[in-house]
Amino acid sequence: MQTKIKTAAIKLQLTNEALVQTKVEDNVIAEVPVALVYNGISHAVMMATPQDLEDFALGFSLNEGIISNKSEIYGMDIVPQCEGVEVQIEMATRCFVALKEKRRAMTGRTGCGICGVEQLEQVNQSRQLAQKNDRLKQVNPHILAECLAQLEQAQTLAQETGASHAAAFFSLDGKLLAIREDVGRHVALDKLIGWYEKAERPVGFVFVTSRASFEMVQKCLAVGIEMLCAISATTEMAVNLAKENQFTLLAFARKGRATIYAGEHRLAI
């Protein structure tokens with residue numbers, strides 16, 4: 001399916017106090033319902049951009065605790081439907097039995113990260129966090145500016161539509177290893193985490209073009225990622241979760257500056 005489509009539009013521009021109207025064809029990002037179907041049972045419907053959907057399904061399955069590793073998924077089929085897309089997932093029987101036991105109705109929308117949680121006390125328990133590790137050591141803050149430059153250059157969908165978020169993974173020396181884009185920031189990170197699992201969980205850190213909310217930190221922790229940098233702001237819950245888990249959290253990352261909210265021990269400062 002297409003990740004962007006052409007649509008008729010009218011551009012307005014004020015020139016010398018005169019309003020100029022120009023008819024154009026503009027790119028708009030595709031956003032479709034994506035149903036995640038496990039062993040024939042639909043579990044969740046999320047609004048997403050229809051690319052890298054296998055990565056999305058794998059990342060979502062890990063983050064939600066549906067599986068613990070990629071070997072528990074035996075196969076996937078991407079099946080376009082009139083209303084959207086189905087990702088049909090064949091998974092281990094024991095995982096499917098556990099999923100049915102805790103299954104809940106859940107419909108995702110753009111920007112939604114903890115849909116389907118029914119009670120307040122479930123928020124902190126909605127994803128099982130991975131065992132803490134300490135593979136990431138002494139990241140040089142000077143590489144962040146180069147990471148930003150690579151991130152901006154690699155956002156092809158954002159360049160074409162202006163409507164996508166991106167999540168990227170960088171090595172310790174600041175090399176861009178992977179980037180995933182989506183209309184939803186949580187889905188972009190799920191897609192990246194799917195790649196991360198397929199790549200055997202390399203050492204490095206995540207950079208996102210959005211804010212670093214509680215759910216974004218939680219998703220990283222769920223798969224053992226130790227550091228998250230965000231171009232935008234963070235939140236109180238995200239900072240508290242990061243501190244509780246010795247997670248490294250940076251926000252307001254711009255060329256030549258960033259704010260460290262937790263886990264400064266991983267930075268060479």
Side-chain angles (χ1 to χ4, degrees), residues 55 59 63 113 127 129-159 164-182 185-269:
D55 286 347
N63 290 330
R127 297 182 182 94
L129 302 184
Q131 184 177 358
K132 299 181 183 67
N133 54 49
D134 196 21
R135 300 187 300 159
L136 193 63
K137 298 180 184 297
Q138 296 300 292
V139 177
N140 189 337
H142 289 92
I143 69 172
L144 297 181
E146 176 59 27
C147 291
L148 276 167
Q150 293 178 74
L151 178 58
E152 182 176 355
Q153 186 176 6
Q155 292 178 68
T156 55
L157 194 55
Q159 292 165 11
S164 67
H165 287 292
F169 195 89
F170 290 89
S171 65
L172 277 175
D173 59 358
K175 180 182 178 182
L176 176 63
L177 300 183
I179 184 170
R180 294 294 183 266
E181 293 182 271
D182 197 90
R185 59 194 174 95
H186 296 97
V187 177
L189 184 53
D190 280 338
K191 288 178 177 180
L192 184 70
I193 288 173
W195 165 86
Y196 174 75
E197 179 73 7
K198 288 179 180 178
E200 305 296 338
R201 303 191 177 195
V203 178
F205 59 93
V206 171
F207 223 123
V208 295
T209 59
S210 63
R211 67 184 182 275
S213 60
F214 168 82
E215 311 96 282
M216 304 290 273
V217 172
Q218 196 178 47
K219 285 176 184 287
C220 290
L221 282 167
V223 292
I225 292 171
E226 300 168 65
M227 176 172 160
L228 173 66
C229 299
I231 288 177
S232 190
T234 187
T235 67
E236 179 190 10
M237 282 190 72
V239 172
N240 290 341
L241 184 64
K243 289 181 176 178
E244 289 167 5
N245 290 275
Q246 293 82 54
F247 182 82
T248 301
L249 175 62
L250 288 78
F252 296 117
R254 297 288 191 275
K255 185 176 181 179
R257 65 182 177 91
T259 303
I260 306 169
Y261 290 89
E264 61 271 17
H265 64 282
R266 290 195 179 90
L267 298 164
I269 53 176

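Owing to the predicted nature of the structure, the values given are computational and were not obtained by experimental measurement.
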Undergrad: Assess the side chains of R185 and S210: does a donor N or O sit below 3.5 Å from an acceptor N or O?
TA: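 There is no such pair between these side chains.
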Undergrad: Please report the shortest heavy-atom distance between Y196 and R135, naming the atom on each side.
TA: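 The pair with the smallest heavy-atom distance is OH-NH2, 3.3 Å.
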Undergrad: Return the SG to CG distance between C220 and L249, rounded to the nearest 0.5 Å.
TA: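 Interatomic distance, C220 SG to L249 CG, rounded to 0.5 Å: 9.5 Å.
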Undergrad: If you take all heavy atoms of A262 and K243, which pair is closest and at what distance?
TA: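 Taking every non-hydrogen atom into account, CB-CG, 3.7 Å.
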Undergrad: Considering only heavy atoms from C-beta outward, does the side chain of F247 approach that of L228 to under 4.5 Å?
TA: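 They are in contact (side-chain heavy atoms under 4.5 Å apart), so the answer is yes.
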Undergrad: Hey, does I179 have a side-chain heavy atom less than 4.5 Å from the side chain of T156?
TA: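 No - every pair of side-chain heavy atoms lies 4.5 Å or more apart.
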Undergrad: Roughly how far apart are T234 OG1 and R211 CZ, rounded to 0.5 Å?
TA: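 Here the rounded value is 10.0 Å.
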Undergrad: Is it true that, when you exclude K175 itself, more than 12 heavy atoms of the residues, nucleotides or ligands shown sit nearer than 6.0 Å to its NZ?
TA: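 Result for NZ/K175: open.
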Undergrad: Are F207 and L148 packed together at the side-chain level, in the sense that at least one heavy-atom pair is separated by less than 4.5 angstrom?
TA: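 They are in contact (side-chain heavy atoms under 4.5 Å apart), so the answer is yes.
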Undergrad: What distance separates R257 CZ from K255 NZ, expressed to the nearest 0.5 Å?
TA: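 Result: 13.0 Å between the selected atoms.
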Undergrad: As an exercise, state the distance from CG of N63 to CG of D190, rounded to the nearest 0.5 Å.
TA: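 That separation rounds to 5.0 Å.
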Undergrad: Looking at Q153, I'd like to know if its CD atom is crowded, meaning that more than 12 non-hydrogen atoms belonging to other residues, nucleotides or ligands lie closer than 6.0 Å.
TA: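 Result for CD/Q153: open.
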Undergrad: Is E236 atom CD crowded by more than 12 heavy atoms from other residues, nucleotides or ligands, each under 6.0 Å away?
TA: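 Incorrect, the count does not exceed 12.
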Undergrad: Going by heavy atoms in the side chains, are L177 and W195 under 4.5 Å from each other?
TA: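 Yes - at least one pair of side-chain heavy atoms lies under 4.5 Å apart.
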Undergrad: Report yes if the side chains of L192 and D55 come closer than 4.5 Å at any heavy-atom pair, otherwise no.
TA: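 They are not in side-chain contact.
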Undergrad: Over all heavy atoms of both residues, which pair between S232 and R254 is shortest? Give the atoms and the distance, please.
TA: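 Shortest heavy-atom separation between S232 and R254 comes out as N-NH1, 4.3 Å.
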Undergrad: If I compare all heavy atoms of S164 with all of L157, which pair ends up nearest, and what's the gap?
TA: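 It is OG-C, 3.7 Å.
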Undergrad: Kindly indicate whether the side chain of V208, heavy atoms from C-beta on, has any atom under 4.5 Å from the side chain of H165.
TA: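 Answer no - side chains too far apart.
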Undergrad: Are T248 and L136 close enough, and set up right, to give a side chain to side chain contact (heavy atoms under 4.5 Å, CB included), and what steps lead you there?
TA: CA-CA 10 Å; T248 301; L136 193 63; 5.9 Å; no
Undergrad: For the CD1 atom of I231 and the CG atom of L250, what is their distance to the nearest 0.5 Å?
TA: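 Output value for this atom pair is 12.5 Å.
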Undergrad: Is the shortest heavy-atom distance from the side chain of F205 to the side chain of I143 under 4.5 Å?
TA: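 Yes, close enough: below the 4.5 Å cut-off.
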Undergrad: What verdict does the side chain to side chain contact (heavy atoms under 4.5 Å, CB included) test give for I225 and I193, after you've listed the backbone C-alpha separation in whole Å, the side-chain angles of each residue and the deciding distance to 0.1 Å?
TA: CA-CA 9 Å; I225 292 171; I193 288 173; 4.3 Å; yes
Undergrad: What's the shortest heavy-atom distance between A188 and E181, and which atoms?
TA: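 Closest pair (atom of A188, atom of E181, distance): CB-C, 4.3 Å.
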Undergrad: Where the side chain of T259 meets the backbone of F252, is there a donor-acceptor pair that is under 3.5 Å apart?
TA: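 Not at all, since once roles are kept as given, no pair shorter than 3.5 Å links the two residues.
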Undergrad: Side-chain contact, heavy-atom cut-off 4.5 Å: L189 with E215?
TA: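 No, side chains not in contact.
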Undergrad: Tell me the closest heavy-atom pair linking A251 and Y261, and the distance in Å.
TA: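 Residues A251 and Y261, closest heavy atoms: CB-CE1, 3.7 Å.
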Undergrad: Check whether E152 reaches the backbone of C147 with its side chain - one donor and one acceptor, N or O, closer than 3.5 Å.
TA: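 Side chain of E152 to backbone of C147: no pair is present.
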